Each structure stands twice: as C-alpha cells, then as structure tokens.
Visitor: 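Sharing a structure, written as structure tokens. Questions coming.
Since we're looking at a predicted model, the values are computed, not measured. Below, chain A is the first sequence line, B the second, and so on; all start at residue 1.
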Protein chains: 2
Amino acid sequence: MARRVGIREVADAAGVSVGTVSHVMNKPHLVSEATRTRVRSVMLELGFVRNDLARQLKMGGGTTLGMIVLNVANPFFADLAHACETAGEQAGHTVVFGSSDQLPEREDRYLDLFEEQRVRGVIIAPLLGTTDRMHRLRERGMPVVLFDIHAESGFCSITMDGRVGGELAAQHLIDIGRSHIAFVGGPLHQVEDRWLGAQGVCARHRGVQLTHIDTPDQTIADGRVAGEMLKAIPAEDRPDAVFAANDLLAIGLLQALMVSRELRVPEDIAIVGYDDIDYAQSAIVPLTTVRQPVDQLAEHAVRLVLDEADNPEHVHEHRGLRPELVVRASTAGNDAAAPAALGTGNHP
Amino acid sequence: MARRVGIREVADAAGVSVGTVSHVMNKPHLVSEATRTRVRSVMLELGFVRNDLARQLKMGGGTTLGMIVLNVANPFFADLAHACETAGEQAGHTVVFGSSDQLPEREDRYLDLFEEQRVRGVIIAPLLGTTDRMHRLRERGMPVVLFDIHAESGFCSITMDGRVGGELAAQHLIDIGRSHIAFVGGPLHQVEDRWLGAQGVCARHRGVQLTHIDTPDQTIADGRVAGEMLKAIPAEDRPDAVFAANDLLAIGLLQALMVSRELRVPEDIAIVGYDDIDYAQSAIVPLTTVRQPVDQLAEHAVRLVLDEADNPEHVHEHRGLRPELVVRASTAGNDAAAPAALGTGNHP
DNA sequence: CGATTCACCTGAAAGGTTTCAATGACGCAA
DNA sequence: TTGCGTCATTGAAACCTTTCAGGTGAATCG
C-alpha cells in the first residue's frame, strides 16, 4: 500500500506531468477533456488527497480565518462563532476557532498559532482591549478585527453598542416604576459601556439610584453569588431592579433569588439580562433582555477582515450595531412570572 | 519594511546558516549559548514568525486535531468541544472545530478539509454512523474517533451509553408512579439507544405503556411542537410522563406545556431530559435529566485518537461511560415545581 | 508552402522549513 | 606529530504543491 500519494504519483500513473495534474485541480479549462477525466479517475483510484499545507505554503497563505472567542461555553459566543462560521463559509473561507477562556496566555497562544498558520485574518473578542501582540500582528500586516466595546484606532472593530443596550435596559426599568437599580456585572472594563449607558439614563431621572455589584466573571455561578449578596441587603436598602451584564448572570440571579422564596421576580426585584441567549425565554422566570444582532455582527466582522486582507485602500471601520429590548416576564407588570408571558419575544 | 522575514533572513542577519537557526528553535541544546542568544535577539528584532505551514509540510503533518461536532449551538456539544480543546491542549495539541449543523455536506466538507490539512486525527460526532468518507479516511491511515451511540467496528469510539441513560430515566419515571411514558425525540437512529433503554425497562413493568413522539431534530423549537402534540391528545389517552431525548427538547416541551396553564409539570406530566446542560437546572421548572460525564468523554477521545496516531500496535477500543440521573423539580413528587428544589443536583 | 495561431502540455523553480551527512576546529593522548 | 573524539556549525536535499516561460504538433491563413 503506497503510503503517501502525491501529485507526482498521480502524474506518473496517468502518464502526464505534475503541472498538468495541478491544472486539472485548479484551472481545469487549460486541460483537454480527455486527460482531465483520465487524471481524475487516477486520483480516485489512488486515493489522492491534495496536501493543503504545501498548497498554502506555495500560495502564501490560504483561505482560513482564525477566530478567538472569550468562552465557547457562553452561548452568546457559541452563537457568534457559529454565525461567523456561516458567514465565512459564504465568503469561501473556513473559520477555525479557539476559546481563550478569559486567560491572557491562551489568547496569546491562539494569536501566535494563527500567525504561524498564516491565516488570512483574525477575528477576536479580546480579553481586555488590544495587547502588544495584536499590535505586532497588525504591524506585520495581519488583518485583525475586534469585537469590542471600544473603538480602538488602528483596528477595524465591531463595537457591540452596549451603551445603547444599557440605556434601553435602564429606561425600561424606570418605565415600569423602579427607582433603585443594581447593575450586576464585571470586570467593569469588559462591561463598561453597558454600565455607562445605564448610568446616563439614571442620571437624567430624579430619584433613581444606581449601584454596581461587581462580579469576577459573567457566569451563572457569579450570578448566584451576586444574588446572595442582594438577599443579604436589608429590605429598605435593597434595589428593586437588577440590570445584569449578561443573561447568564441574570439566570444565576434568578436561581439565587428563587431558591428561598423570600424575594419574588419581578414583584420585589425586576431583572433585565443581556444577549437574549436561547434560554433566556425558558428561564424559570422568562427573562427580559437586550438582544444583539449576532448574525449581522458576524457578517460585518467577516466582511471587514476580508476587506482588510484584499483591499489595499482599506480604511479601518468601527461599526456599531443597535441592540433591541425584548420584554418578558422578569420585568412584566402585574401578571408577572405568569407562564402566559412565556411566548413574548420569541424568536421568529 | 521587509515584508516576509523567513529563517533565511534571520540566518543572514545573525551570520549563521539556516540550519543553525532551525536548531535554535527545535534543538537548542545543539547550539552554543552565544549563537543561541544572538539568533534569538535577531529573531525578535526582525519580527520573525515561524511558518507553520512549511514546518508541518516538512514534518509530514503537525500537532493539530480536527473535531466535528453536530451543532455548536447545542450547549452539550459546546461543552464537549470545550472539553476536547482542554484535553487536547494538555496533550500538546491544538484542536480546531467545525460544526456540521446536521448537514451531511458540511460533515463531508470538514472531513475533506481536515484531511487536506493533514491533521493528526479526527474526533467526530457523526451525523448518522460512519460514512464512506470516514472509511476512506481510515484506510488512508487517518485516526478517527467517533462519538456515537453504536460501537462501529474498525473505529475507536466513545459510545455514550444512552441505553443505560434511557433505563435510568424510565426507571425513575416508573418509580414515581407514572405509567404512560412518551419518548420524545428523533430522528430515531440518532437516539435509538436511549429509546431502547427506556423500552427495555418499560417492558419489564406490567401496565407501563411507552409511546414514541418523533421529532425532526432535537432543538427547543422541536420540543415546542412535540408539546403541542401532547396537549392535543385527549386527557384520558395522554401520557403522564415524558422522557425527552435531550434537554433542549425538554425545555421546549416545558414552554409549550406551561404557556397555557392547562397542564402542570410534574403533576400532570413529569419530564426527564438528557445531557444536563447548564440551563437544565434553571429552566422554568428545573429539569430532571441524565448527566453525561463530558470531561471524561473528551479525555478518552483525545487519548484514543493520539494512541491511534502514535502507537503502531493500537487496537480499536469502544469505551462506554456510565451516565447518571440528576433529579430535580420536573419529576419531584409533591412539592413539585417548587423553587425550593432548585438547588438539587447542582454541579459542584 | 511557410508563417501564424492555437490548444495542450511540460519541466523546473520557488516557497520556508527540517534533517542529516559532512566539515571544521579544538583539545588531548599517544 | 598524528590520530581521535567532541562539539558547533554548515549546506543541501526533501517535503508537495503552484506557476510560468516555453515547447510541441496540428490547424488555419495568405
């Protein structure tokens, strides 16, 4: 059994030159029909598989995009990755993923890996802004697109407009008559814009108080901890509404609040989440949340990174996409928590 | 700005040969300390980045594993992918992902891609058993490990023991006094073992009836549809328990059942899910479910694929891991649906 | 009939690395 | 002095493909 069959073996077996075999694969119109079919059948017979490494090496980098995501286990990022995969495929590119798991060293590792692999470009949800490594990457001509809350100059970015999202959330809570809002989420630099959006709205309303409850990360577990803190606050000082920096936190909060029926959602505490992950609407109390247009985010990211790769006159672009409020039971007025509210805000 | 700096430029600048530069990177002990540091500093200065394509080409394939997952948007697979990434990293390998989205053509595309990229091995949750393409891959010597419900001969596989899981679920429903169980899930070949497990148990109990409600896929939306079907059944014929083939289906069922308070969970219908995704315990009624040991699955998969790659005496192995029942409110006896039950079965 | 075109095919270079046999330099024992 | 072992380094081959300048023979044109 011939272990490795390359273009050369195929050429020999078909009685043509290697150049011709290559042409059969890449420029079939340059080859006569007779040889084309002959070569093709020899390939099949020998089980030839083109070596993409050599191909890319020769062609100076390939058709692969690298994507680094904060955490695949977070459904928002899973969806985003999935959307990028689809968008990339449509543009004829394959997207490979890495999850930084919020660890700077893993982020670095994937950046290095992608650069060594000579990917066409990198799409990254950075841990905390741009790092030296990213700047070096850019200097060496690698297209880099950020999913970030800040618009960093020198990079294309999709700034997920958390400010507007924060405003929507806070305004909604004020509209339903709440006056003491807790913003739950951290580290602050990662969610700063949502915080600022909420802050801006609250400042414009007399008698509305906003406090910040920090969390080390944005998982369900962190939400639970925050919920316990909330419960520990004496009733008179306790916020009557929570704006959680993402849905996972909100779900954790729900768990903590409901486990010991002391506090009711939304009667005692209304909750707004962020991202509209699939489970938001199926939570123990369906969650009011701020939806981000994931598909469009992905599409823009892919478009920008490819433009930067192809277009010599590329100019960096900062794109902000407007999020949208989805109201469900966790903030619904009177028949709150009623399963009847479940359907609200369903995806199409 | 020198566009491309390769090993050759570094060699020239440092006044050594290319071989030496290579040694500095790969066999530092063969190089004197003086040259080693000199070469290293030149690399830094020139911004040299090793071209992994050439490296892998030369070395005949690299240190990358390919993984194909049914659907990243399903948190079970997201977790599994994540666990494989971690396990792979521990073994010094990078894992790149693709999501087949249940489409055979995408599965094929990724298989081709991985083979062309000369990955070290492939870990795959196949759409429906092994395909011709996978057999061809194997024939050409590519290690392939399946996450599957069947143990296919000729392949290593991690058979997620759905039979036992099905038994656990059905037995539990019978134990709490239910006598008409609906198995919700499909396509059947994908969930056959869970079905068979349940069937076996039901057959051993007099007076227990088991029906199958098919679904085209296993998403929340499919669960909703199944829930509507369930509601449409006249009360006297309606099952008093559901075993859903996964948690997403179960969550969809919950939504459908609760939206029009006609039926209560678990009083009228008890529900058991499968997978114990993070949201199962935060569902509108926390979900009894069958937990799969994701981390161990991943660890075994990586170990097997690498063994097949490295060890000439490798023998195929079929590993089955025992799942575990996690009881929550959706089947809890009297104070069912009580938020107090929320904590049950929490992950550590 | 010679020249021009055309379609098809060839052979070799190039791309950046690793690896390996070979070389050079050096010290040391005989 | 020669011979020998060590250590550091070298240069070229090999990995597999794509690309490109050119070559061949047949058909077409004047």
Side-chain angles (χ1 to χ4, degrees), chain A residues 2-40 42-43 46-64 112-113 115-120 140-141, chain B residues 2-40 42-43 46-64 112-113 115-120 140-141:
Chain A
R3 203 47 276 139
R4 320 219 111 122
V5 348
I7 215 176
R8 154 153 274 117
E9 281 75 15
V10 174
D12 289 352
V16 295
S17 78
V18 293
T20 305
V21 177
S22 175
H23 280 152
V24 169
M25 294 188 288
N26 304 309
K27 321 248 171 108
H29 58 279
L30 293 182
V31 179
S32 74
E33 173 138 3
T35 34
R36 207 188 316 157
T37 59
R38 183 159 38 96
V39 169
R40 288 230 172 94
V42 170
M43 282 178 171
L46 265 53
F48 166 77
V49 175
R50 178 229 259 104
N51 186 327
D52 201 48
L53 297 171
R55 176 187 165 81
Q56 295 200 170
L57 169 59
K58 179 62 192 168
M59 304 203 315
T63 171
T64 303
D112 287 347
L113 183 77
E115 190 175 16
E116 290 183 354
Q117 310 251 50
R118 299 294 191 268
V119 299
R120 197 89 186 295
R140 296 196 201 103
Chain B
R3 203 48 275 138
R4 322 218 108 124
V5 348
I7 214 177
R8 157 154 271 117
E9 281 75 15
V10 174
D12 290 352
V16 295
S17 79
V18 294
T20 304
V21 177
S22 176
H23 280 151
V24 169
M25 294 188 287
N26 305 308
K27 320 246 170 108
H29 58 279
L30 294 182
V31 179
S32 75
E33 172 136 4
T35 35
R36 205 187 318 156
T37 58
R38 182 156 41 95
V39 169
R40 289 229 172 95
V42 171
M43 282 179 170
L46 265 53
F48 167 76
V49 175
R50 180 230 254 105
N51 187 329
D52 201 48
L53 297 170
R55 176 187 166 82
Q56 295 200 172
L57 169 60
K58 179 63 192 166
M59 303 204 313
T63 172
T64 302
D112 287 347
L113 183 77
E115 190 175 16
E116 290 182 354
Q117 310 252 49
R118 298 294 191 270
V119 299
R120 197 89 187 295
R140 297 195 201 106

Visitor: Do you know which of A:Leu113, A:Thr63, A:Thr64 makes side-chain contact (heavy atoms from CB on, under 4.5 Å) with A:Val119?
Guide: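 Filter result, single survivor: A:Thr64.
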Visitor: Give the nucleotide from the list C:dT18, D:dT17, C:dG16 with an atom nearest to the side chain of B:Met59.
Guide: C:dT18
Visitor: State whether A:Asn26 places a side-chain N or O below 4.0 Å from either non-bridging phosphate oxygen (OP1 or OP2) of D:dT18.
Guide: yes
Visitor: So, does B:Thr35 get its side chain near the phosphate of D:dA8, meaning an N or O under 4.0 Å from OP1 or OP2?
Guide: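 B:Thr35 to D:dA8 OP1/OP2: no side-chain N or O under 4.0 Å.
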Visitor: Side chain of A:Val31 only, heavy atoms from C-beta on: which candidate in C:dC9, D:dT10, C:dG15 is closest?
Guide: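 Nucleotide nearest to A:Val31's side chain: C:dC9.
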Visitor: Report the distance from atom CD of B:Glu33 to atom P of D:dT9, rounded to the nearest whole Å.
Guide: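 Whole-Å distance recorded here is 11 Å.
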Visitor: Expressed as a whole number of angstroms, how long is the span from B:Arg8:CZ to C:dT17:P?
Guide: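 From B:Arg8 CZ to C:dT17 P: 10 Å.
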Visitor: For D:dT9, take OP1 and OP2 only and decide whether either is under 4.0 Å from a side-chain N or O of B:Ser32.
Guide: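 It does, given that an N or O in the side chain of B:Ser32 lies less than 4.0 Å from OP1 or OP2 of D:dT9.
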Visitor: At under 4.0 Å, does any side-chain N or O of B:Arg50 touch on OP1 or OP2 of C:dT18?
Guide: yes
Visitor: Check the distance between C:dG15's C1' and B:Asn51's CG and give it to me in whole angstrom.
Guide: 9 Å
Visitor: Whole Å only: how far is the CG atom of B:Asp12 from the P atom of D:dT10?
Guide: 11 Å
Visitor: Could you tell me if the side chain of B:Met43 sits less than 4.5 Å from the side chain of B:Ile7, heavy atoms only?
Guide: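 A side-chain contact under 4.5 Å is absent here.
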Visitor: Nearest to the B:Arg55 side chain among C:dC9, C:dT17, D:dT19, which nucleotide is it?
Guide: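 For B:Arg55, the side-chain atoms sit closest to C:dT17.
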Visitor: Heavy atoms only, 4.0 Å cut-off, all strands: where does A:Gly19 land among base, sugar-phosphate and nothing?
Guide: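 Counting heavy atoms under 4.0 Å across all strands, the contact made by A:Gly19 includes a base.
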Visitor: Between the side chain of A:Arg118 and the main-chain N/O of A:Gly60, is any donor-acceptor distance below 3.5 Å?
Guide: no
Visitor: A:Leu57 side chain: which of C:dT18, C:dG16, D:dT19 is closest?
Guide: C:dG16
Visitor: Among the nucleotides C:dT17, C:dA12, C:dC9, which one has an atom lying closest to any side-chain atom of A:Val18?
Guide: C:dA12
Visitor: Between A:His23 and A:Arg36, is any pair of side-chain heavy atoms under 4.5 Å apart?
Guide: no
Visitor: Is the backbone N or O of A:Gly47 less than 3.5 Å from a side-chain atom of B:Arg140, with the two atoms forming a donor-acceptor pair by type?
Guide: yes
Visitor: Could you please name the option among C:dG16, C:dC9, D:dT17 that lies closest to any side-chain atom of A:Ile7?
Guide: D:dT17
Visitor: Side chain of A:Asn51, backbone of A:Ala54: donor and acceptor closer than 3.5 Å?
Guide: yes
Visitor: Can you tell me how far C1' of D:dA21 sits from CG of A:Leu30, to the nearest Å?
Guide: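 Value for this atom pair: 14 Å.
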Visitor: So, does B:Lys27 get its side chain near the phosphate of C:dT18, meaning an N or O under 4.0 Å from OP1 or OP2?
Guide: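 B:Lys27 to C:dT18 OP1/OP2: no side-chain N or O under 4.0 Å.
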Visitor: Atom CG of B:Asp52 to atom P of C:dT18: distance rounded to whole Å?
Guide: 9 Å
Visitor: OP1 or OP2 of C:dG11 less than 4.0 angstrom from a side-chain nitrogen or oxygen of A:Ser17, does that happen here?
Guide: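 It does not, given that no N or O in the side chain of A:Ser17 lies less than 4.0 Å from OP1 or OP2 of C:dG11.
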Visitor: Assign each of B:Arg36 and B:Lys58 to its nearest nucleotide of DNA chain D by heavy atoms, then name whichever residue's nucleotide is nearer the 5' end.
Guide: B:Arg36
Visitor: Taking only the side-chain heavy atoms of B:Thr20 (C-beta and beyond), determine which of D:dT18, D:dT10, C:dT10 contains the nearest atom.
Guide: D:dT10
Visitor: Rounded to the nearest Å, what distance is computed from the NE2 atom of residue B:His23 to the C1' atom of nucleotide C:dA22?
Guide: 13 Å
Visitor: Rounded to the nearest Å, what distance is computed from the CE atom of residue A:Met25 to the C1' atom of nucleotide D:dT18?
Guide: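 Between C1' of D:dT18 and CE of A:Met25: 9 Å.
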